[in-house]
Structures are given as C-alpha cells and as structure tokens.
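First the structure, in the form of structure tokens, and then the observations on it.
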There are 6 protein chains.
Amino acid sequence: MRPSGRTASQIRPVTITRQFTQHAEGSVLIEFGNTKVICTATVEEGVPRFMKGQGKGWVTAEYSMLPRSTHTRSQREAARGKQGGRTLEIQRLIARALRGAVDLKLLGENTVIIDCDVIQADGGTRTASITGGCVALMDALTWMRSKGLIKANPMKYMIAAISVGIYKGTPIADLEYLEDSAAETDMNVVMADSGQLIEVQGTAEEAPFSFDELQEMMELSKHALRELFDIQRAALN
Amino acid sequence: MRPSGRTASQIRPVTITRQFTQHAEGSVLIEFGNTKVICTATVEEGVPRFMKGQGKGWVTAEYSMLPRSTHTRSQREAARGKQGGRTLEIQRLIARALRGAVDLKLLGENTVIIDCDVIQADGGTRTASITGGCVALMDALTWMRSKGLIKANPMKYMIAAISVGIYKGTPIADLEYLEDSAAETDMNVVMADSGQLIEVQGTAEEAPFSFDELQEMMELSKHALRELFDIQRAALN
Amino acid sequence: MRPSGRTASQIRPVTITRQFTQHAEGSVLIEFGNTKVICTATVEEGVPRFMKGQGKGWVTAEYSMLPRSTHTRSQREAARGKQGGRTLEIQRLIARALRGAVDLKLLGENTVIIDCDVIQADGGTRTASITGGCVALMDALTWMRSKGLIKANPMKYMIAAISVGIYKGTPIADLEYLEDSAAETDMNVVMADSGQLIEVQGTAEEAPFSFDELQEMMELSKHALRELFDIQRAALN
Amino acid sequence: MRPSGRTASQIRPVTITRQFTQHAEGSVLIEFGNTKVICTATVEEGVPRFMKGQGKGWVTAEYSMLPRSTHTRSQREAARGKQGGRTLEIQRLIARALRGAVDLKLLGENTVIIDCDVIQADGGTRTASITGGCVALMDALTWMRSKGLIKANPMKYMIAAISVGIYKGTPIADLEYLEDSAAETDMNVVMADSGQLIEVQGTAEEAPFSFDELQEMMELSKHALRELFDIQRAALN
Amino acid sequence: MRPSGRTASQIRPVTITRQFTQHAEGSVLIEFGNTKVICTATVEEGVPRFMKGQGKGWVTAEYSMLPRSTHTRSQREAARGKQGGRTLEIQRLIARALRGAVDLKLLGENTVIIDCDVIQADGGTRTASITGGCVALMDALTWMRSKGLIKANPMKYMIAAISVGIYKGTPIADLEYLEDSAAETDMNVVMADSGQLIEVQGTAEEAPFSFDELQEMMELSKHALRELFDIQRAALN
Amino acid sequence: MRPSGRTASQIRPVTITRQFTQHAEGSVLIEFGNTKVICTATVEEGVPRFMKGQGKGWVTAEYSMLPRSTHTRSQREAARGKQGGRTLEIQRLIARALRGAVDLKLLGENTVIIDCDVIQADGGTRTASITGGCVALMDALTWMRSKGLIKANPMKYMIAAISVGIYKGTPIADLEYLEDSAAETDMNVVMADSGQLIEVQGTAEEAPFSFDELQEMMELSKHALRELFDIQRAALN
C-alpha cells in the first residue's frame, strides 16, 4: 500500500554520521531515507539577556531548508528578509524539545545552539532534526565536560521524534513526502527514552480524526521511537 | 486546588457577544473569564495568488495581542518590524483549523480573513480565538449568502478549542494564566461538533507526560468542548 | 446639513470608561460616537538611552488601528513589517502633546507609554486618543503616587483634542467619517485646560482656506474643547 | 535679539538655482541662509496602483537629510533599514501640499515625484523643501508640455512655506537652528500665492501658546510668504 | 613555509561530486581540501521582470554559509533579517561570472539559479562556488536539452576560479583559512577555459602590492586554473 | 573615438572643493566631469563593539546615490528598506581602501566615517568617492590634530582611484557613462601615492579579456592616478 512497499509500522533506514563537519562542538548528518539534515551544536559562553544572572544555561535551535532541498526551489529566507511561519514554528518545536532534555542548572551560564539545515527533504525533516539534534547536543555536552566547562552531564534523557499519520485510512509511521502530502492526518510525536512524552502535535489535514485513531497513532509512534533510541545509542557508542 | 476554586473539569464563564464592532461582516467579542478577544471576519473578493483559477476560496487568520493585554507590556510587533514566532505559530493554528471547517469550493473565489485581537489575556487566548473566530466566520458566511455571494452554506461543522493540562499533578481544563505558567504539561485540543478531532498539541513544559495522562487530558477536553458547542449554538440563535 | 443632524458646533456623545482592562496602570475606553479607542498607560522603570542620567522621565505613545476597525480591512502593520507614515505621524502627535503636559523632572527616571488602539473608527481617532490618553496618563500617575514612586503630581494641566473642519462651506466641530472624507479642510486642535494651545494642525484637503476660516475653526474648537474638559473631569471624579 | 541680528519679521537670504543637476525634469537648489536643499522633480508614466484607471495623475514627495547635513551625524536611514517618523511626517506634508497645487486631471495618468535631499541643515528644511519643490515641479510640468505629454498647465497656484515661532517671548519668522531649538512654539505655514492657506502646523515645544499668539504668527507668515512668492517668480522668469 | 606543507603553486586536493542531491537539475558537492560547498542549479520558466519580452534568459546566483561552517558560529542571515554585505558581494561575483559564460539568447526566456551553500569553510569559498557552480550549471543545461527546452548548448566556455595571494612575502595559490587571514594581499581570479580572464579582484589586506607582484600572482593563477579545468572536464566525463 | 573627443588616456577635468558643507570635520565636493559626489568625514569618539579595548581606531564608509542622480530615477534605498547589493559592494570597497591608508593605532579609539553621496552620476562614482573621500579624511585628521585628539598624523599615504576599460577594443581611462555602459571590460584601480596598488577589480562585461589587456589597462591607470595625486596635492595646499 505504501509507495515504498514499507509495512505500516516500518520506518525508513536511518543513519547517523557524527563529526560530519569539523568546526562545531557537535556535528551530525542524520538521514531518514532520502531526508538529510545537518545538525550542528555550538557552545557559546553566556546566555541571552532575559536569562542573565540566574546561574542557568540556555538551549536554542534554528532550522532552515536549503532552497533546492525540495522538489521545486523555495525562496531563500535570508534574501526574502524574514523567516517564514513554518520555519519559526518548527525551530520553536526543536528548541523546546531539546531544552527540556537538559538540566539548565548543570549547564551553567552557557548556551548551546542547535542548527538544523536540511540539505535534502523527503518528509519528516522536523523529526529528523530533533533526533539528530539530540545526538549533536550530547556530543557538545561531552566536549564541554572534556574541557572542564561543566562538571556533570546535564542531559536528563535522550529524545527522539517520529511522524505518524493516517494515509488512505490506515495509520502509518515515518511518512515520506508522497505520503505526507496525501495524508488525511499528520502527527509528530517527541518522546524521551524513558518512554514519557515530550510533545504531541496532530493535525487533520484532509479529514478530522477520531479519538481511537489518535490512540492508534500514538501506539505506532511508541514502537518507532524505540527503534530510533536504539539507533541513537548505537551511534553514540 | 485551583486558584479560582474551580473543579478540575470546570471551565470559566464564557460569553460570546456578536456584532461587537460595526464594520466587519462578522464581529465577535469572546470572553473566557478574564481573557477577552475581538474576532472579526472580513470578506474579500478574490484569493491569494497561489489559489487563483481553481474555483476555490480561502480562509486565513491573523492574531495579535494589544501590547498591554498582559501583566507587563510587550513590544508592539508593528513597531518591532516583525511578528514573533509565537504569534505566527498561533495564527497558523487558527487559520488551519478554521479553513478545515469550510468547504472551499462552495466559498467560490472569495477570501475570509479572521482577525483575532486579544485585548485582555489570562490564559487560553488561542483557544478563545478559535472558538470565537468560528462564530464570526459563521456570521460572515451568513452575510455572504444574504448578499447572494454564495449559494449554499460552506460550513462543514462548527469547531471549538480548549486548553487542558497537568497542574500540580492533576489534569485540569481551561487553564488561566496562573495555572498555565505553573503547569507541567499544556495541551490545546481543537474539535469539530461532530466529535472528531481537528488538532491536538500537547507540550511538556516542566515534566514529560505519560500516555495515560494524554488519555486523561483528551477525555477532559471532550467534556469541555461539548459545553463550548452549546454556548456557540446559543449565541448563534 | 450634517448627516447625523447635529448642529455645526455640536460634538458627538463622548463617554470615558476607566479601568477598562485590568493589567495596565491606566486603562480607558473612550468613545466619540462610533469611534472607540482603548487607551492604556504603562509605567516602566528607566528611560530611553538618550535620556539617561538627566534625572528626568519620559512619556511616549503608540497608535494602531485594528485591521477591521474601518469600512474595508487594512493590512495589519505587524504583518507588513512596518508602521505606515500616517500611524507614525499620529503617534508622534499624541506623544508630543501628552509629554508636554507632564513635568518630566517630577516624574523621575520613569517612562509612561500610552498605547492607543482603535477598535472602531468613525473619524477623529487621533483626537479621541489624546483626550482618552490624557485620562489614562492621569490614572497611571495617581497609581505611581499611591505606590510611592513619585512624590508630587507631575501633571501640569489636562489636555484634550478635537477635530474641526470646513464641510460644505461651513465650519463644523467633531467630524465623523462621512464628513471627514468630504471636508474641504480638516483641522485638529489640542488645548490645555488652561485655555492655551498645544498643537494646531490644519490641512486643506479639497480647497485652500482663508485666514478668516482658520479663525472661525479655532473658535469652534475652543467651545468643543471646554465640553471635553468637563467630561474628563466628570470621569476622573 | 536674534543671533543673526535679523529683525523679527526678516527672513534669511533665499536663493533658488534652477537646473542644478542635469538628469531630472526639474532640478532646484534652494538656500534659506545656511539651509540647502536639492529638490528634483521626476516625471514617470503611469500612476500608483490605487489610482489606476481614473484618468488622473499623482504627485508625491520624498525627503531625506544627508547623514552629516547636521551638527552631529545621524544614522543613514537606508543603512538602518527604515525611514524615521520625522522623515515620513515631513515627506507626507510636502507631498500633500504640492499635490494640492496640481489639477490631477490635467496631469493625465502620469506621476511626478519630488525628491528633497537636504545637503546642509540650519532650520526650516521642510519649508525650504516645499518652496523649492514647487519650482522644480513647475519646471517638470513645463517640460511635459514641451514634450506634448500634457496640453494645459496643471498648476493651480504656486505654493511656498515658512516657519514662524515664539522665541524668547517674541513672534519671529524663518527660524534658524539656534532659534528653532530654543523656541517656545514652532509653526509651519504653507500658503498659495492666492493668499489662501494650504497647511498650518503649530506646536508648543516649551510652553503652550495663546490664541492671540497664533494670530500674530499667522500675520508674520503672511508677510514672509509674499516675499517668497516674489523670489519664486523671479527665479522662474 | 605553508602550514600544510604545500609548495607555493600547489592547490589542495579538489573533488567534484555530481548529483549530490536528488531534486535539483544540477547538484554538485565541490571540495577544495576542507572547504566544502553544495552548488545546485535550478531551472525555472520565465525571467525577472526587467528581462521580459527580450527573448533572452537569465542566470543568477545566491551564496550562503551555514552558521557553523566556520570556526565560530556566525548569525544566521535569515534570522537577522538581511544578507550581509560580504554575502551580497560574493553572490554578485558568482552570478556575474556564470552569467557571462552563457549565451542568454540560446537559453530562451528561462532562468537558471545557482545556489552555493557552504557547509564547511577553510578559505576560498567563493572560488569553490564558481568552479563547482559552473559544473552544476552545465548539468542543468544538459538536462534542459534532454527535455527539449533548449536546442543548442548555450555554454560559451567553462569557467573556474582560484584565490592567489602574497603570504609572508611570497605569492602562493589556493589560500586556506590560516593563510588567508594572514596574507598581505588576497586576489581572486576567474578565467574561461579559453585562457581569457573573466574577473580579477585583488585587495591589499595588510600591505599594498606592486605591479610586479600583481603580475606574479596572475601567472600563478593561470597555472592553477588549468588544473581546475582538467578536474572539471574529468568530472563531466 | 570617444564620445567626448578625449584621447584614450585622457581623464575628465577633475575639481576638488574643500569645506563644501559646514558641519563635517572634512567636507569635499569632487567632480569628475559631470560626476559629482559630496564626501564628508565625520569624527566620532569610540569604536564599534568588535574593536573595543584594542587601543585602535576605525575608518568606515557609506555610499549612496540621490534617487535622481541618474538618467532614470531609482528607488530611494531608505524607502525600500534596505541597501542594494551594488551599494554595499561599493561602500565596502571605499571603506577597505581608506581604512588601509590609516595607521589605526595612531588614530586611538576614534572612528572616522566617510559618507559619499552622489548628487550627479556620469560614470566613475566609486572612484570619485575614493579620491574625494581621501581628501575629506585628511581634513578630518588635520582637524583632530588641531583639537589635540591625536598627536601624529595617522595617514600612511594618500590614495586615489580611477576606472579603466576596454571600449570598442581599445583600452581607455576614466570612463563616462556612455562608455561604461558599452565597455567590453571595466576595471577599477586604487593606488597609493607611493605607486603601490591597493585594490584592482576588473570585470569582463561583454567579453573576456586577455592577460595583455590587463597589463595595458594597468599601465593606463598608473598614468591617470599620477594626475589625480597632483590634483589632490594642489587641493590640499
């Protein structure tokens, strides 16, 4: 039923390449099938003004798609002079999820910025960004400890994210573009490796969905997210 | 347990005043306790460029808070020169939800713009905007029929929205500001009056939440949303 | 002769509702007939950079119209990314007039911001903003004294503003939209309750005006402004 | 009493140099003492979108100060990314005044843009811009007739502008910077050479002014403006 | 003498990977040592407004660096709201050079956009962009011919670019970051494979340079550029 | 062969008027034939943030064209809300060249800003800006010494700039607009009066150029620049 021949619960091959670029404290290329995102983590001294003097750190994120990462070229946001609503919505989600995974007190007055730049898009760029960004963040925190900038590991838990949806009446996991653009309902689930939920965003694209369908999609995501945690762990070892 | 003495499932008094201002095709003041939002619906001929020539209409929304609708004044976005990420995220949600409730073919090549301007904020401004905006939209569509601009009612269903959350370990409905700012988890649920779901957005603010808590919050929202549909119906009669 | 049946010198019913919203230090809804403006006064510690270290305070103002406060919807300035020339011109006038009414030394290094948000427009929004803004400013200064932030009342005099014009060859006071859009000449007069002038702005819209007509309009404004000072005083008691 | 030794009603030497630059259809350097403004008039085919199809033309204006036209350098507005409120207020005044002097029907669907660029400022830049801009506009209209673009002269009357004010308690005409920055009241008067008024803008800078002082300033301006009309006429012959 | 041990005229290993991403009509990853740039070529129907109706095409380029492609993170231009001067200068150079290599008449009324996104920077990003962009452009033109959009190959010649400079008193080719930041003089040379020059930009960074040094650097660039043309040819076969 | 009848190496009449406006520390009107640029130098205490605490000064430049300095009017950049790529490219060149001519240590923590405003354009505005800007800079430095702000003259050498190009197959110096717009190749050369080179920028506009042509243009520029240094020296004495 799925264009790729995958089963409903089957996710695409996921690969995580660490130290993808050389300058950043954490640098990951994450691939969910044809979706490819570079996630870098930058450590900076100090915190934004509204956080100053609280003895706590800050974690933030930025998201962007290369203009031709998609089927047709989209206008470069820097040239247009502002980030679009979709971009801001996604980077707020990434930042919120990753920030929640860090004990900001243990981070001290330092900031970690996660840049997620999509070089090729085929559905699920925001969930790939969160899943890969978490690995880049972990690498940056390890770097901080190795430099003596922090004493303990501030990571409370690893997080990962997956998209699920209703496609031709059936709940499926990890939608690729062809599925995403035709799905009745699209949902992104962010989970901690403890099995607790971080963020749930479900949207009726073509048709409203029932409470039961919500339940089914949640189950599907739980399954897929466990696989992603295994892949993260393998990459980190 | 709640600052207001409400029970966990009890929503605030909700009032809907139609024809609140005189120029708009639909104009509603909606109040959820101390949260007050002016929702106006404007009918314009034509559609945005990317929709032209498809024989279909468009529904969009804009959201703003008066600078001093909140405890401390926030900078006016027009003066700052751009809308913030939170504003864009909220107005995308409002627009998506209301657009989904309309049969765009029956609307013809016309646009309805829902402006949601918060004049006083005490939590739940986005859910009040959706709930009030739906009434303003209905009034604008009725006006269109009365003017002969459309032949049939394009409204597929009424929609309403409510916030639910985990506050001091307990799921509660319709969070006011004091609760919202202290909640472990915050969730917005948009539903059609058919009982189907339109949008579900749950965020772990202070602590991750379990699949069971998600279930409980969904139940709570179902109950509250039925009340809101009654209030909408009463206002429209 | 006037669409409303008013006499040439007759102003519309004016009502001033104090404490209209709950968060601001001063909050006024002012209505000149169908023109309705929310004026809030916000007190903030400190002054803009160019005023620092002089031991003096600052008073400023911002003005905006809700997109559908008018007959046809105008684009939201926050979405457009900048405030228009008309908006800036009006808020500079409001700020200048209100700032002149305050002894900035007695204010200490504090700032009062007057936000004037038009929720319904029918001519005279800038004069309503000044007249209502002055009451909100007074309430904020009273609040400051009650909190011990200032010792003496810094208000030098109350101010109010009225529009006058030449309509079908006759000088009239307090133009509503229908008159305003057809007037030969339009003039705004800001006066102190001492009877002295603060600002006079007369513009030939359709036809130049004579020195005698200027004189007649000035007389008409004097009469109307006395009424407005009575209404302000009544509202403040 | 005046820093320059001028009498209260005495204006500075005014010179008008036509054809100051070579490309524009009208190009004037106007000097009021040390205030120097380049006013160019550009003729363009067509009108702005909101004027299309009415068979009428449009006249508009833009105003700017070179960064170091003043005692201390001000930030370049192009670098800052927006025009300031003062700039917009002034260019709206210039445009309104000059547009009113032209019969837009006789102009056909053409636009004339008056650019006023201050190269040296010593008070009165907006009144110099209007007075010089009117000559540049006249030259551009003459050019249009010579090219057969219009048949009749669309100029209804010449206009000129002067600043007057209360300085050390005395009404004076044509304030230079030292006077302007110390004046109790500052007023700009735009008049047609028919002796009728186009625009009157009086502002209490340091102290409110009386109805009688307004009257005196108006008389003073009438006198000064007659001189300016003579200078304009001489320059055009 | 050089940090890398290279000889003065020796360029870094250069690799060109075609079809690096899947959506673009031309997509190249070019590496000059540690400098890595993704160059994609997008074909769009139509031309910018100022080119319409001339029967000719257009070639343009955009350039950007990922925020953490450099040693320290630079602010994302999309977030800052504008492209910096350096970015605009570089993309104007890339566009001008590539546009010159194409016979715009043979291109028909089509546009090719070359996006150069630096994912890792170690000096010479603009010359890598031109050299890789030319291959991506060639691939896009070949695609156009295969689709029947154009009949003949509009490419007049291949172009490539190299940086040369004076480093510790000696002319060297292909500066990496360490050399670039310490060089007395920095120069970029763009050449056609015919051996003719397209663009020469030499800048005295630390010390002025002599006419003889200019001559020496030109010679050095000629040599390096011949190597680059060989690498381009090999990649295209 | 040249429209003006000049020989290939002949530059236009160049005049330098110092103290052109009265407020700036250095103010020069420079004319290359019909190209006229006002160059002012402003001295400000302090340096930009990235230079603080190094005990060194800063020199920067801004460039702008009056909207109607050209044959057809171009949009005012302040109204458009951003400076164009050409403007930024030019002002970066001017700033880089002039900054290189100053010993920043001798300047102390002070900034000199060179504003170059083109009031009439006929080709060569950037080279006129550099040549005139250098005189304005020298005047500002002399003023600083006279005020005791600096002890020694920080000027390392005078600089001047000239355009050269290939026009109808022949190398010529100092291109005016008619030549510039038809030239095969356009080149700008900035030189120190020591005879050393500061910046060389050659661009193939219509056709690539040979190494020999580069050589010829360089020779031509050397000749022309010597004349410009004589004119600068004469102006400064």
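Throughout, a chain's letter reflects where its sequence line sits, starting with A, and its residues are numbered from 1.
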To check you understand the geometry: which heavy-atom pair defines the closest contact between C/M51 and C/K56, and what is its length?
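In terms of heavy atoms, the two residues are closest at CE-CB, 4.2 Å.
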Please report the shortest heavy-atom distance between D/G55 and D/E109, naming the atom on each side.
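That would be N-OE2, 2.9 Å.
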Closest-packed option against chain D by number of heavy-atom pairs under 4.5 Å, given [options]:
options: C/I198, C/T87, C/L88, C/V190; value: C/I198
options: C/Q91, C/K82, C/R96; value: C/R96
options: C/L197, C/L214, C/V200; value: C/L197
options: C/A207, C/G85, C/A204, C/G202; value: C/G202

Could you tell me whether a side-chain N or O of D/T125 sits under 3.5 Å from a main-chain N or O of D/A121, the two making a donor and an acceptor?
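Such a contact is absent between D/T125 side chain and D/A121 backbone.
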Is it true that atom NZ of D/K156 has more than 12 heavy atoms of other residues, nucleotides or ligands lying nearer than 6.0 Å?
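Yes, NZ of D/K156 has more than 12 neighbouring heavy atoms, counting only those of other groups under 6.0 Å.
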Contact winner vs chain C - D/R86, D/Q83, D/E205, D/M187, heavy-atom pairs under 4.5 Å
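Max contact count across the listed options: D/R86.
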What residue pairs, at least two apart or across chains, pass ring-ring contact (aromatic ring centres under 6.0 Å, His included) with a residue in residues 70-117 of chain D?
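For residues 70-117 of chain D, and leaving out neighbouring residues, the ring-ring contact (aromatic ring centres under 6.0 Å, His included) pairs sorted by first residue read D/H71-D/Y177, D/H71-F/H23.
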Can you tell me which portion of D/E213 sits under 4.5 Å from chain C's heavy atoms? Options are side chain, backbone, both or neither.
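Contact with chain C is absent: no heavy atom of D/E213 under 4.5 Å.
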